[in-house]
Number of protein chains: 2
Amino acid sequence: MTHQTVGHRHTTRPGLPDDPRAAVTEPTPSCPVEITLAALRGRWTTLVIRELLQGDRTFTELRQALPVLSDKVLSDRLAHLTEAGVVDRRREPGWPSRTHYRLTPQGRRLGPVLQALWDWGATTAL
Amino acid sequence: MTHQTVGHRHTTRPGLPDDPRAAVTEPTPSCPVEITLAALRGRWTTLVIRELLQGDRTFTELRQALPVLSDKVLSDRLAHLTEAGVVDRRREPGWPSRTHYRLTPQGRRLGPVLQALWDWGATTAL
DNA sequence: CTGAATCCCTGCCGATACTG
DNA sequence: CAGTATCGGCAGGGATTCAG
């Protein structure tokens with residue numbers, strides 16, 4: 001089985017949770033959905049996360065995995081993801097200097113999110 | 001129960017499905033994740049979907065539910081969502097002209113996706 | 001009532017060049 | 001090796017105005 005649909009329980013509930021934050025009438029950074037979309041925002045972001053879902057990676061390894069991505073944007077993405085609490089950066093002392101990146105526990109929990117995005121998009125493409 | 005975590009099955013698999021489309025090294029429109037993100041792209045989009053998850057809505061009803069959203073952007077979002085196969089538009093003949101919008105079956109399946117986005121963002125805010 | 005046309009402003013992203 | 005600095009092009013989105 002390649003990609004079975006993940007077992008969501010969405011049969012009954014039509015909308016979103018009856019959380020006060022679900023009542024907003026305009027986009028606000030405190031809305032959980034906005035928080036997640038903000039973390040995923042930007043071209044290349046999901047691909048960087050996909051790489052890190054497979055384990056620890058250095059800057060160069062990421063650059064090799066995504067050859068078209070420029071240094072600047074990769075650096076931007078990693079800084080953004082680090083600030084969002086998705087990625088953890090570990091400088092290696094000495095020379096040549098290396099920096100390892102890996103997902104935080106919170107970042108690893110983006111796996112199911114990407115899976116949900118994948119599942120929906122996979123059915124649309126038919 | 002306000003919002004229990006949806007039952008994802010993500011314990012074992014570290015990455016994404018072993019689908020050939022998961023091997024891309026740059027953002028491509030054919031990637032299912034990109035497809036979904038493209039459908040959700042744009043400010044206000046998720047809020048419009050949230051409204052429609054609660055049922056059929058007219059243009060004016062949507063405008064009232066999201067007062068800060070301008071006509072132009074609402075129109076843009078609805079056109080975009082319609083083209084993405086998320087929304088179905090029904091013109092009402094006669095006067096005053098009204099247009100009803102509702103989610104397609106595919107659009108309704110975005111519920112779990114938004115739920116996944118919500119769940120992740122809700123844990124980050126702590 | 002619904003939505004298209006126009007204008008402007010802002011922020012993203014890519015390329016290039018440069019530092020610790 | 002791992003970034004930052006700077007610049008330019010382009011698309012997104014808000015306000016306003018006009019049309020079917």
Side-chain angles (χ1 to χ4, degrees), chain A residues 24-29 31 33-34 37-49 51-52 56-84 86-102, chain B residues 24-29 31 34 36-49 51-52 56-84 86-102:
Chain A
V24 294
T25 65
E26 53 184 312
T28 155
C31 170
V33 172
E34 292 294 326
L37 289 178
L40 299 178
R41 182 106 48 210
R43 208 152 116 89
W44 297 96
T45 303
T46 56
L47 290 178
V48 172
I49 295 172
E51 287 306 311
L52 292 175
D56 186 306
R57 291 289 187 278
T58 68
F59 193 88
T60 303
E61 285 170 343
L62 289 172
R63 201 166 44 182
Q64 287 170 346
L66 308 169
V68 186
L69 174 56
S70 74
D71 287 8
K72 182 235 186 187
V73 176
L74 176 55
S75 182
D76 285 353
R77 291 297 169 271
L78 290 170
H80 176 236
L81 288 172
T82 300
E83 190 171 4
V86 171
V87 160
D88 175 52
R89 107 189 306 175
R90 259 178 19 212
R91 286 183 208 285
E92 206 177 75
W95 189 267
S97 93
R98 277 185 188 220
T99 310
H100 288 260
Y101 293 91
R102 63 174 171 187
Chain B
V24 294
T25 65
E26 52 183 313
T28 155
C31 169
E34 292 293 326
T36 310
L37 288 178
L40 299 179
R41 181 110 44 212
R43 211 153 113 87
W44 297 98
T45 303
T46 56
L47 290 178
V48 171
I49 295 173
E51 288 305 311
L52 293 174
D56 188 305
R57 291 287 186 279
T58 68
F59 194 88
T60 304
E61 286 170 341
L62 288 172
R63 201 167 42 182
Q64 289 170 346
L66 307 169
V68 185
L69 175 55
S70 76
D71 287 8
K72 181 241 188 183
V73 176
L74 176 55
S75 182
D76 285 352
R77 291 298 169 271
L78 290 169
H80 176 236
L81 289 171
T82 301
E83 190 172 3
V86 170
V87 159
D88 175 51
R89 106 190 306 175
R90 260 177 18 211
R91 282 183 210 286
E92 207 177 75
W95 187 268
S97 96
R98 281 187 185 216
T99 310
H100 289 259
Y101 292 91
R102 65 176 170 185

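Order of the sequence lines fixes the chain letters, A, B, ..., with proteins taken first and strands second; residue numbering starts at 1 for each chain.
- The distance from atom NE2 of A:H80 to atom P of D:dT4 is 15 Å, rounded to the nearest whole Å.
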Under 3.5 Å, side-chain donor or acceptor atoms of residues 68-75 of chain A against the rest of the protein: list the pairs with distances, not counting sequence neighbours.
unit_1: A:S70; atom_1: OG; unit_2: A:V73; atom_2: N; d: 3.4
unit_1: A:D71; atom_1: OD1; unit_2: A:R63; atom_2: NH1; d: 3.1
unit_1: A:D71; atom_1: OD2; unit_2: A:R63; atom_2: NH1; d: 3.0

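- The CD-P distance, from A:E92 to D:dG3, rounds to 12 Å in whole Å.
- Atom CG in A:L74 sits roughly 13 Å away from atom C1' in D:dT4 (whole-Å rounding).
- Considering only side-chain atoms of A:P96, the nucleotide from D:dA2, D:dT4, D:dC1 that sits closest is D:dC1.
- One finds no side-chain N or O of B:T99 lying less than 4.0 angstrom from the OP1 or OP2 phosphate oxygen of C:dC1.
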Side chains of residues 86-96 of chain B: which donor-acceptor pairs under 3.5 Å do they make with residues two or more places apart or in other chains?
unit_1: B:D88; atom_1: OD2; unit_2: B:R102; atom_2: NE; d: 3.2
unit_1: B:R89; atom_1: NH2; unit_2: B:Y101; atom_2: OH; d: 2.9
unit_1: B:E92; atom_1: OE2; unit_2: B:H100; atom_2: NE2; d: 3.0

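- Applying the side-chain contact (heavy atoms from CB on, under 4.5 Å) rule to B:Q64 yields the partners B:T60; only residues at least two apart in sequence or on another chain are considered.
- Of the inter-residue distances, the one linking A:E51 atom CD with B:T25 atom OG1 reads 9.0 Å to the nearest 0.5 angstrom.
- With rounding to whole Å, B:R98 atom CZ is found 16 Å from C:dG3 atom C1'.
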Reading nucleotides 6-20 of chain C from 5' to 3' and marking B where a protein heavy atom lies under 4.0 Å of the base, S where only the sugar-phosphate is that close, and - otherwise, the string is B------BBB-----
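- Here A:T28 pairs with A:S30 under the side chain to side chain donor-acceptor pair (under 3.5 Å) rule; sequence neighbours left out.
- With sequence neighbours excluded, the residues forming a side chain to side chain donor-acceptor pair (under 3.5 Å) with B:T45 are B:R77, listed by chain and number.
- Across all strands shown, A:R63 has no heavy atoms under 4.0 Å from either base or sugar-phosphate atoms.
- At whole-Å resolution of the value, OH in B:Y101 and C1' in C:dC1 are 11 Å apart.
- Atom CZ of A:R89 is separated from atom C1' of D:dC1 by 13 Å (rounded to the nearest Å).
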